[in-house]
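Please read these numbers as outputs of a predicted model, since none were measured by experiment. Basis for what follows: all heavy atoms, side chains included, without hydrogens, waters or symmetry-related copies. Start at 1 and go down the list; that is how both ligands and their atoms are numbered.
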Amino acid sequence: MTKLSGSVRWPTIHKDVGALKVMPNLVDYEATCTSFTWESERRSLSGLPGGGINIAYEAVDRHATGPLAAKDALRFVHADGAVDALTYMELAERTDRFASVLRDLRVGRGERVFSLLGRRAELYVAALGTLKNASVFCPLFSAFGPEPVRQRIQLGSARVLVTTRAFYLKKIVSIRDDLPTLEHVLLVDGDDDQPQPEGTLHLPALMRSAPLAAPIARTDGDDMALLHFTSGTTGLPKGAIHVHDAVVAHSATGRFALDLHPDDVYWCTADPGWVTGMSYGVIAPLVHGVTAIVDEDEFDADRWYSILEEQKVTVWYTAPTALRMLMKAGSDRVALHDLSALRFIASVGEPLNPEVVAWGEETLGQPIHDNWWQTETGGIMIANFAAVDVRPGSMGRPMPGVIAAIVLRDEHGDPVMNGDDPALATEPDTVGELALRTGWPSMFRGYLGEEDRYRKCFVGGWYLTGDLAACDEDGYFWFVGRGNDVIKSSGHLIGPFEVESTLMEHPAIAEAGVIGIPDPVAGEVVMAFVELRSGWEPSDDLRRQIIGFARKRLGAAVAPRELEFTDALPRTRSGKILRRLLKARELGLPEGDTSTVEVPR
Ligand code: ATP
Ligand code: MG
């Protein structure tokens, strides 16, 4: 059995709850885990007036007639810095109209509405309006070119696409003949008197003439609500099916993992084209009745610090890549801004190196709270909570209501069972596959068109996540790597995350991606690709120095044997390091699906 090596462990960051700016929603972790049930969380929501549950009703309508009606629900920061907002009441009206438009077009229950839009108001209106109509929403990341769009629309049998004129002309016209299910293309822009491109409808005109009072359609917890494609980090993206009951998990995780309070100004930097941007950029904050910031532009260190300052963001949910880019831009930039409103920072999407957690403490005055989940889990499963001590490098502990465990596989790849239960077989600190006991509300209900693949994810009442991790004696989970990324060298199992985190402790290194390459003696040896911080130049001397640095900390068996400097690591468009591509390129193998590869910065 392989044990977690422990070299990534940094000093624990202790929390003094009394010194926090607001009392966290979760103060006593153990007690909350004991008392919490998904049923009680479900009861804390409103439910549809006639029975059933609908994400959009919980997120918008129930607030729109109460004290929050005139409060900003979504506040948009445009590329030029101008700001405007939609209140809860305005959002309710617009989403009603959008649902009416769908009804007028005879688009009904369960039918798929896709969007290809930047982070603009129409995207949010289309998403929530679609849910009100009991149709299924699938947001596509707006930077996709025609091919990834075609693949996803075909797989999802889209009946409606909401997009812009420019995207339509650039990305859809050339593939429209290949999309037989796509009946309606609704363009969000263009003037009324401008001729409409053939085969499209002008959404603003339809919205104006749509009847306002469209009663929200009845949906039940198990009705399909959202279709989200995975990031494609390990291969071809999969379409994960999510249901309306997921809102119960969004509500609970918004409360406990993001610690949302009524007066928060909350900013989730993820694009709604990915599951984080929908679950936590739209649903969770609106369910909690807070004001959510939307930045319509792309990453820029100064712009982001300015948004945090000017919008007085209190809770910020972002990603390791963005945090590492902020680190790379230099901590002196932070001093130019007043970030005193900020009280809680969380991160998801990739392993969060302890170096980054510590940078948060030093530079922003608070640690970054890592949390772990997947497109498939629909919501946060493991988290560092506001009141709970942080062990830098750990993903934290399971959400109340979530039971996580480590499962081992035998030499045939089958889970090792202990009676009926594969999760009972492991001791603390043993590396194995992260598994979750089924039954949390936002669990995916299928991979679209891939039933067999879906079934294979489950064993004996557990969902096997495909990620390798270990759980320490106190119940903190430590990410080791994705199943496919783990390196087997001279009998050791080496997680790339541990090596990357150690490399990032070297002052010259901004980011690192680590892979295994074949070796006749060791089976595989570790190879690292590194991006340097500004002010450092690649040289043989620096290479030797870094390898020596890593050897001292990790030992010769685990430290990189080879190291290459790169200007930009290959990433998915959602910002994850594509180790499979580093490997394919290094070994001259086919690159596989590259539909979600980011164009180098
Ligand atoms: P694909 O499944 O198509 O290969 P993907 O797994 O990257 O893509 P997502 O569902 O967006 O698609 O990402 C979930 C994965 O991201 C997790 O399984 C895990 O590998 C990684 N991840 C997310 N959060 C964390 C975290 N806090 N620490 C480590 N890894 C994380
Ligand atoms: Mg995945």
Side-chain angles (χ1 to χ4, degrees), residues 8 139 141 148 151-152 155 226-240 242 253 257 270-280 317-324 346-354 356-357 368-384 390-399 404 433-436 442-444 447-448 450 453-454 457 463-470 476-486 495-498 500-501 570-581 592-598:
V8 294
F141 186 52
Q151 276 175 16
R152 287 165 178 76
L155 186 62
L226 292 155
L227 175 64
H228 276 298
F229 287 92
T230 59
S231 294
T233 313
T234 52
L236 213 57
K238 298 149 273 188
H242 289 284
T253 48
D271 189 281
W274 310 111
V275 70
T276 306
M278 186 57 67
S279 295
Y280 295 103
Y317 193 20
T318 187
T321 319
L323 291 163
R324 289 192 295 257
S347 160
V348 73
E350 272 203 299
L352 185 69
N353 321 85
V356 187
V357 180
I368 317 288
H369 297 81
D370 188 19
N371 57 55
W372 178 96
W373 58 291
Q374 307 177 305
T375 307
E376 289 86 341
T377 70
I380 298 169
M381 296 285 107
I382 296 177
N384 284 281
V390 173
R391 297 185 177 177
S394 161
M395 310 187 282
R397 298 162 83 181
M399 255 293 293
E433 192 166 350
L434 179 60
L436 303 165
S442 61
M443 190 180 92
F444 71 136
Y447 283 130
L448 198 67
E450 297 186 274
R453 183 175 211 161
Y454 182 69
C457 297
Y463 163 60
L464 296 171
T465 67
D467 283 350
L468 295 184
Y476 281 74
F477 282 79
W478 298 77
F479 183 80
V480 172
R482 292 159 181 278
N484 302 343
D485 289 341
V486 170
F497 172 50
E498 179 180 12
E500 288 162 8
S501 290
R571 288 165 211 285
T572 63
R573 288 193 180 273
S574 52
K576 297 162 191 261
I577 297 171
L578 274 160
R579 295 178 189 82
R580 73 173 159 93
L581 216 60
D593 179 70
T594 50
S595 66
T596 61
V597 178
E598 168 83 64

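Closest to atom 30 (N) of ligand 1 by heavy atom, among W274, W373, F497, F479, is F479. Comparing S347, P351, S574 by heavy-atom distance to atom 28 (N) of ligand 1, the nearest is P351. Of the candidates T375, I380, T377, D467, the one placing a heavy atom closest to atom 10 (O) of ligand 1 is T375.
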Would N484 and R580 count as a side chain to side chain contact (heavy atoms under 4.5 Å, CB included) here? Give the steps.
CA-CA 8 Å; N484 302 343; R580 73 173 159 93; over 6 Å; no
Applying side chain to side chain contact (heavy atoms under 4.5 Å, CB included), run through L464 and C457 and close with a yes or a no.
CA-CA 5 Å; L464 296 171; C457 297; 5.6 Å; no
Let's go through N371 and Y317 carefully: what are the C-alpha distance in whole Å and the side-chain angles of both, what is the deciding distance for side chain to side chain donor-acceptor pair (under 3.5 Å) to 0.1 Å, and is it a yes or a no?
CA-CA 10 Å; N371 57 55; Y317 193 20; 2.7 Å; yes
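Of the protein's non-hydrogen atoms, T233 OG1, 2.4 Å is the one closest to atom 7 (O) of ligand 1. Closest to atom 16 (O) of ligand 1 among all protein heavy atoms lies K576 NZ, 2.9 Å. Atom 25 (C) of ligand 1 has W372 CD1, 3.5 Å as its closest protein atom, hydrogens excluded (heavy atom only). The protein atom (non-hydrogen) at minimum distance from atom 6 (O) of ligand 1 is R482 NH1, 3.0 Å. The protein heavy atom nearest to atom 12 (O) of ligand 1 is S231 N, 3.2 Å. Of the protein's non-hydrogen atoms, E350 O, 3.4 Å is the one closest to atom 26 (C) of ligand 1. Scanning the protein for heavy atoms near atom 21 (C) of ligand 1, the closest one is G349 O, 3.5 Å. Atom 4 (O) of ligand 1 has its closest protein heavy atom at T234 OG1, 2.4 Å.
Checked by distance only, ligand 1 and G232 come closer than 3.5 Å through their nitrogen or oxygen atoms.
Ligand 1 lies less than 4.0 angstrom from a heavy atom belonging to V348. In this structure, D370 has a heavy atom closer than 4.0 Å to ligand 1.
Of all atoms in ligand 1, numbered sequentially from 1 with element shown, those under 4.0 Å from a heavy atom of K238 are 1 (P), 2 (O), 3 (O). Under a 4.0 Å criterion applied to the non-hydrogen atoms of N371, ligand 1 contributes the atoms 24 (N), 26 (C), 27 (N).
Taking the side chain to side chain donor-acceptor pair (under 3.5 Å) definition, one finds that E376 meets it with Y447, sequence neighbours left out. Partners of W373 under the ring-ring contact (aromatic ring centres under 6.0 Å, His included) rule, at least two apart in sequence or in another chain, are Y280.
Atom CZ of F479 is separated from atom OG of S501 by 10.5 Å, given to the nearest 0.5 angstrom. Here D467 contributes atom CG and W372 contributes atom CH2; the two are 5.5 Å apart, rounded to the nearest 0.5 Å.
One finds no salt bridge joining E500 and R324 here, because no Lys/Arg side-chain nitrogen approaches an Asp/Glu carboxylate oxygen to under 4.0 Å.
Judged by a 6.0 Å distance limit and a 45° cone about the ring axis, R573 is not positioned over the six-membered ring of F141.
Not one N or O on the side chain of K576 forms a donor-acceptor pair closer than 3.5 Å with the backbone of S231.
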